[in-house]
Q: 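First the structure, then my questions, so here it is.
Whatever order the structure lists ligands and atoms in, that order sets their numbers, starting from 1. Quick note: numbers below take in every heavy atom, side chains included, and nothing from hydrogens, waters or symmetry partners.
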Amino acid sequence: MRNSGIQESGIADQTRIQATIVRAESGYYTARHGGQETVCVLRGRLKEAMYEEADDGGRYRRYADPLAVGDEALISVSGIDGAVEELLPRRSKLARLLPKADDRARAPDVEQIIAANIDAVVIVASVKRPRLNLRYIDRLLILAEYGGAQPILLLNKCDLLTTDERAELDQTVQRIYGPAGVEMFGASALQPETLEPLKERIKGLFSVFVGQSGAGKSSILNALDPSLNLRVGQVSEATRKGRHTTAFVQMYEMPFGAQIADTPGLREVGIWGTPTEMLDYYFKEMRPYLGTCRFSDCWHFEEPGCAVRGAIETGGVSPERYQSYRRLCQEGPVEEHERRTKRLR
Ligand code: GDP
Ligand code: ZN
């Protein structure tokens with residue numbers, strides 16, 4: 001027996017198709033299914049899932065957006081119109097705290113999922129013009145780890161360094177990120193052959209490329225696939241607050257057999273989901289020392305007998321990473337995230 005209610009709604013004959021979200025832009029999602037692409041809207045039920053009830057009974061927004069590029073979903077298609085009916089479980093994600101306008105500093109925290117079901121997060125960082133931003137990298141390392149993806153650090157614009165400077169850079173990043181086991185590649189978008197090792201590494205994977213605007217992400221992607229023809233050098237004042245921008249994330253199929261999600265330049269990468277008292281665990285090189293401090297609840301600040309600070313002496317933890325840890329602790333990314341994210345992970 002068919003359900004007459006369903007027939008009346010006019011969707012009785014619409015089958016649900018599994019699709020991959022390949023582009024997300026202000027409420028519209030391009031879903032790819034069997035070589036076809038359909039632009040979809042969200043069913044009301046999914047929009048509703050963006051909100052969550054708080055302990056005080058109030059409703060607040062939980063996600064900036066319920067779907068992200070890389071998500072698998074069930075969609076229904078009618079002619080050229082599509083609707084996302086159901087989101088399928090994610091295996092990983094890259095998410096950040098949705099940046100808040102200055103006058104809304106006390107607004108509730110909202111999670112922004114940048115990409116889903118990713119294997120790797122490729123952090124594109126410029127080594128010169130602009131100079132390397134360690135704090136930015138550290139935040140993304142945490143977010144990648146938290147989201148269940150492998151972080152890869154791509155040090156771009158190496159062509160701007162002299163041989164000596166390059167050797168010094170290699171030594172420095174090894175000292176800082178070696179103990180955390182961070183995978184690193186040096187490259188230049190102007191010398192495509194320098195990208196071969198990265199290509200080899202991300203072949204067969206789905207990676208999301210992130211970076212500050214100006215780091216050279218568009219140039220790198222163009223070097224990986226010249227047919228992309230992404231605009232370069234748009235160091236955008238337009239992304240500053242108050243201006244409307246068409247920021248979208250899009251997945252590209254690379255000619256060398258990889259999938260890449262390109263993202264708009266991320267100015268801020270606010271920590272999401274990791275409670276302050278667990279930050280030491282997300283600084284991977286600190287892990288071997290955790291639990292060996294004199295005090296079991298050691299914050300590794302001024303406490304006597306701190307094994308993490310002891311590790312700075314032996315090179316197990318670099319002073320730069322330790323300072324980064326302390327700054328993030330003071331920023332306090334935050335018990336509230338924890339409460340909200342625990343059951344959703
Ligand atoms: P995005 O904002 O991260 O996408 O950066 P773009 O690709 O737009 O590059 C920003 C600026 O840096 C542009 O002027 C590029 O020409 C330049 N650039 C990008 N990659 C390199 C590189 O490897 N070496 C040098 N010298 N300049 C680069
Ligand atoms: Zn300690």
Side-chain angles (χ1 to χ4, degrees), residues 114 121-133 136-137 140 153-162 165-166 169 185-198 208-226 228-240 245-250 252 260-269 276-283 285-314 316-317 319 321-323 325-326 329:
I114 295 163
V121 176
V122 176
I123 306 163
V124 182
S126 163
V127 297
K128 199 170 175 176
R129 286 187 237 154
R131 66 176 182 79
L132 201 57
N133 183 343
Y136 188 86
I137 294 168
L140 278 164
L153 181 52
L154 183 66
L155 300 164
N156 187 34
K157 307 200 189 183
C158 284
D159 60 283
L160 296 175
L161 304 177
T162 63
E165 285 172 335
R166 176 66 199 270
L169 173 81
F185 295 89
S188 162
L190 307 184
Q191 300 159 341
E193 68 280 5
T194 62
L195 290 166
E196 288 304 321
L198 176 77
V208 59
F209 275 52
V210 292
Q212 285 176 303
S213 121
K217 184 168 52 60
S218 309
S219 305
I220 294 278
L221 292 174
N222 283 339
L224 291 174
D225 179 2
L228 285 181
N229 237 330
L230 300 174
R231 271 194 269 169
V232 162
Q234 304 280 307
V235 176
S236 47
E237 279 305 299
T239 59
R240 305 197 83 97
T245 50
T246 50
F248 59 88
V249 178
Q250 178 149 356
Y252 298 107
I260 291 178
D262 185 22
T263 61
L266 305 177
R267 209 156 59 91
E268 293 170 46
V269 274
T276 311
E277 64 270 25
M278 273 194 75
L279 280 176
D280 52 4
Y281 178 78
Y282 283 94
F283 279 74
E285 69 274 46
M286 295 186 184
R287 280 186 199 176
Y289 307 101
L290 303 182
T292 65
C293 300
R294 185 177 306 162
F295 299 107
S296 62
D297 58 351
C298 188
W299 280 95
H300 328 301
F301 289 173
E302 314 301 339
E303 298 92 335
C306 172
V308 169
R309 275 190 297 124
I312 298 173
E313 308 300 318
T314 61
V317 174
R321 288 274 288 170
Y322 176 71
Q323 282 313 323
Y325 162 78
R326 288 194 60 148
C329 282

Q: Show the nearest heavy-atom pair for residues Leu266 and Tyr136, with the distance to one decimal.
A: O-OH, 2.6 Å
Q: Just to be sure I'm reading this right: ignoring hydrogens, which of Ala189, Gly214, Ser219 gets closest to atom 2 (O) of ligand 1? Compare them by their nearest heavy atoms.
A: Gly214
Q: For Gly233 and ligand 1, does the shortest N/O to N/O distance drop below 3.5 Å?
A: yes
Q: Check if Gln212 has a non-hydrogen atom at a distance under 4.0 Å from any atom of ligand 1.
A: yes
Q: Tell me whether the guanidinium CZ or amine NZ of Arg326 lies under 6.0 angstrom from the six-membered ring centre of Phe301 and within 45° of its axis.
A: yes
Q: Show which atoms of ligand 1 fall inside a sub-4.0 Å distance from at least one heavy-atom site of Ser213.
A: 2 (O)
Q: To the nearest 10°, what's the angle at the Zn ion (ligand 2) between atoms SG (Cys306) and SG (Cys298)?
A: 110°
Q: Kindly indicate whether the side chain of Gln212, heavy atoms from C-beta on, has any atom under 4.5 Å from the side chain of Val269.
A: no
Q: In terms of ring plane angle, is the pair Tyr325 and Phe283 parallel, tilted or perpendicular, where the classes change at 30° and 60°?
A: perpendicular
Q: To the nearest 0.5 Å, what is the distance between CD on Glu285 and CG on Asp280?
A: 10.5 Å
Q: State the atoms of ligand 1, each with its element, that fall below the 4.0 Å cut-off from a heavy-atom position in Leu190.
A: 22 (C), 23 (O), 24 (N), 25 (C), 26 (N)
Q: Starting at OH of Tyr252, measure out to CG of Leu230 and round the result to the nearest 0.5 Å.
A: 5.0 Å
Q: If hydrogens are left out, which of Asp262, Leu195, Val232 has an atom nearest to atom 13 (C) of ligand 1, that is, the closest non-hydrogen atom?
A: Val232
Q: Identify the two heavy atoms, one from Leu195 and one from Ala187, that lie closest to each other, and give their separation to 0.1 Å.
A: CD2-CB, 3.6 Å
Q: Would you call Pro264 and Val249 a side-chain contact if the rule is heavy atoms closer than 4.5 Å?
A: yes
Q: Does any N or O of ligand 1 fall below 3.5 Å from an N or O anywhere on Ser218, backbone included?
A: yes
Q: Closest to the Zn ion (ligand 2), which N/O/S atom of His300 is it?
A: ND1
Q: Show me which atoms of ligand 1 lie under 4.0 Å from any heavy atom of Ser188.
A: 23 (O)
Q: With heavy-atom distances below 4.0 Å as the criterion, list the atoms of ligand 1 near Leu160.
A: 26 (N)
